[in-house]
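These notes are about the structure you will find just below.
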Number of protein chains: 2
Amino acid sequence: MQPVKFYFDFLNQSSRALYILMEAAKIPFEAIQISILKGEHLTGEFRDKVSHFKRLPVIKDENFLLAESVAIFRHLNREKIVPEHWYPRRNFGRSRIDEFLEWQQRNMGLACSRYFEQKWLVPFLEKTSPDEKNVNALTESLNKSLKDFENLFLNKNRFVIGDNISYADLMAICEIDQPKYIGFDPFNHHPKLGKWYENVKEELGPYYKQVADEFDNKLKTAEKKIPEVMYLQQ
Amino acid sequence: MQPVKFYFDFLNQSSRALYILMEAAKIPFEAIQISILKGEHLTGEFRDKVSHFKRLPVIKDENFLLAESVAIFRHLNREKIVPEHWYPRRNFGRSRIDEFLEWQQRNMGLACSRYFEQKWLVPFLEKTSPDEKNVNALTESLNKSLKDFENLFLNKNRFVIGDNISYADLMAICEIDQPKYIGFDPFNHHPKLGKWYENVKEELGPYYKQVADEFDNKLKTAEKKIPEVMYLQQ
């Protein structure tokens, strides 16, 4: 069996989540970095031969190309060997994780991505300052969705669906890192969130650390190239 | 085995898709209508005992409550008997359907819902006229996403993933009906879409017709109650 080809960028939250999953589950894969900052996901060979969706991540499993990160997650669960705790069958665990993933795409994930785009990505690409009013509105909606995440999904358990880590936790930490790594404090007013975040980080250990460091490094390298946007992290 | 309790409103696209699926697959269910127009999904027993998500549809399977429509679709596939063609295992059919469902929630589904909200729902609830500028922008984004749907998912096959109808087609037709049933023409400039739409309608037969009629009826009844918004469908 050939390793899965994995097209990704560490700047993208779903790319990081799937990268960590494949490392932790020991699924053989070939890592192919595509630079969002250089627009490589929009043009050339990637657009023509890999994905018309013009989005990351994408996998190529033998000759089967697949976009959309949750679809990829489920594909890996069906076609490869993924330890049960990531997507457990018992106690309707899969249904609970599906419910979270769908909720989060429309809520917390959207809020995190929009904040990252408007505060960092768009100003970086267009060499402008972030629109203050826009960022303030996005900060408010981000705080609201973090509060919803606490209320709807974090409870007395260590992780979202119980005592074991699942893909819900992995996807959530990667989403929250988008605003966190550009200077937003997600734990202010959200004590339960802070405790859960530490649990997830501890449980993922070096798999998380390596990828989070790569993300941080990409942000800092990009900022150094265009010194006038350095203020972004102040 | 008890029938699944199904909380829904025919005004909501995912409620219609799941209702049609359960009828067609002959899954025993108890239909519990919750009125969005009366705000029943936001208050009282529904909010406190059924779903903190304050959204429809929701199911209760024995004692297990589940929100989010794609999660519900997958739950039914795991726990009940659903004919294979809706979510086929072979040729990576499930991965392809997952990819479509995830794409459409962020693209065509979002465009259809927003158009419906701004053109009909918000004006109805607030007894105001639709904001023309807003509706024009949403019309443009709706046309763009219908074009993307044609280009990315419709090809020489009869249905999205081949010659058999799947949940991708069912979800898509219900989404497109949101703007269509309040007067938008989705087929203008989209000939492939028109042909696919007819195929889906024909294949679903009376299951679709009954539910689409109920939807139409709800729209018309609501408009009659508040005559000043009758212009909406002109």
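Just so it is clear, the values below take in all heavy atoms, side chains as well, and ignore hydrogens, waters and symmetry mates. Residue numbers begin at 1 in each chain, while the letters A, B, ... track the order of the sequences.
- Taking A:His52, A:Gln105, A:Arg55 one by one and counting their heavy-atom pairs under 4.5 Å with chain B, the maximum is reached by A:Arg55.
- Using a 4.5 Å cut-off between heavy atoms, A:Leu65 touches chain B through its backbone atoms (N, CA, C, O) alone.
- Residue B:His75 holds its NE2 atom at 6.5 Å from CG of B:Leu66, rounded to the nearest 0.5 Å.
- With a threshold of 4.5 angstrom between heavy atoms, B:Leu152 approaches chain A through side-chain atoms but not through N, CA, C or O.
- Looking at B:Leu76, neither its backbone nor its side chain comes within 4.5 Å of chain A, counting heavy atoms on both sides.
- Defined by atom type and a distance below 3.5 Å, a donor-acceptor pair is missing between the side-chain atoms of A:Asp169 and A:Tyr197.
- With a 6.0 Å cutoff to the six-membered ring centre and a 45° limit on the axis angle, B:Arg16 counts as a cation-pi contact of B:Phe215.
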Checking A:Lys5 against A:Asp61 for the salt bridge (Lys or Arg N to Asp or Glu O under 4.0 Å) test, could you report, in this order, the C-alpha distance in whole Å, the side-chain angles of both residues, the deciding distance, and whether it holds? CA-CA 6 Å; A:Lys5 283 193 170 135; A:Asp61 185 9; over 6 Å; no
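- Paired with A:Tyr167 under the rule ring-ring contact (aromatic ring centres under 6.0 Å, His included), one option of A:Tyr87, A:Phe73, A:Trp86 passes, and it is A:Phe73.
- Ranking B:Arg89, B:Glu79, B:Arg78 against chain A, the residue ahead of the rest is B:Arg78, based on heavy-atom pairs under 4.5 Å.
- Using a 4.5 Å cut-off between heavy atoms, A:Arg94 touches chain B through backbone and side chain atoms alike.
- A donor-acceptor contact closer than 3.5 angstrom is absent between the side chains of B:Gln178 and B:Ser113.
- Heavy-atom pairs under 4.5 Å with chain B peak, among A:Phe53, A:Phe100, A:Phe64, at A:Phe64.
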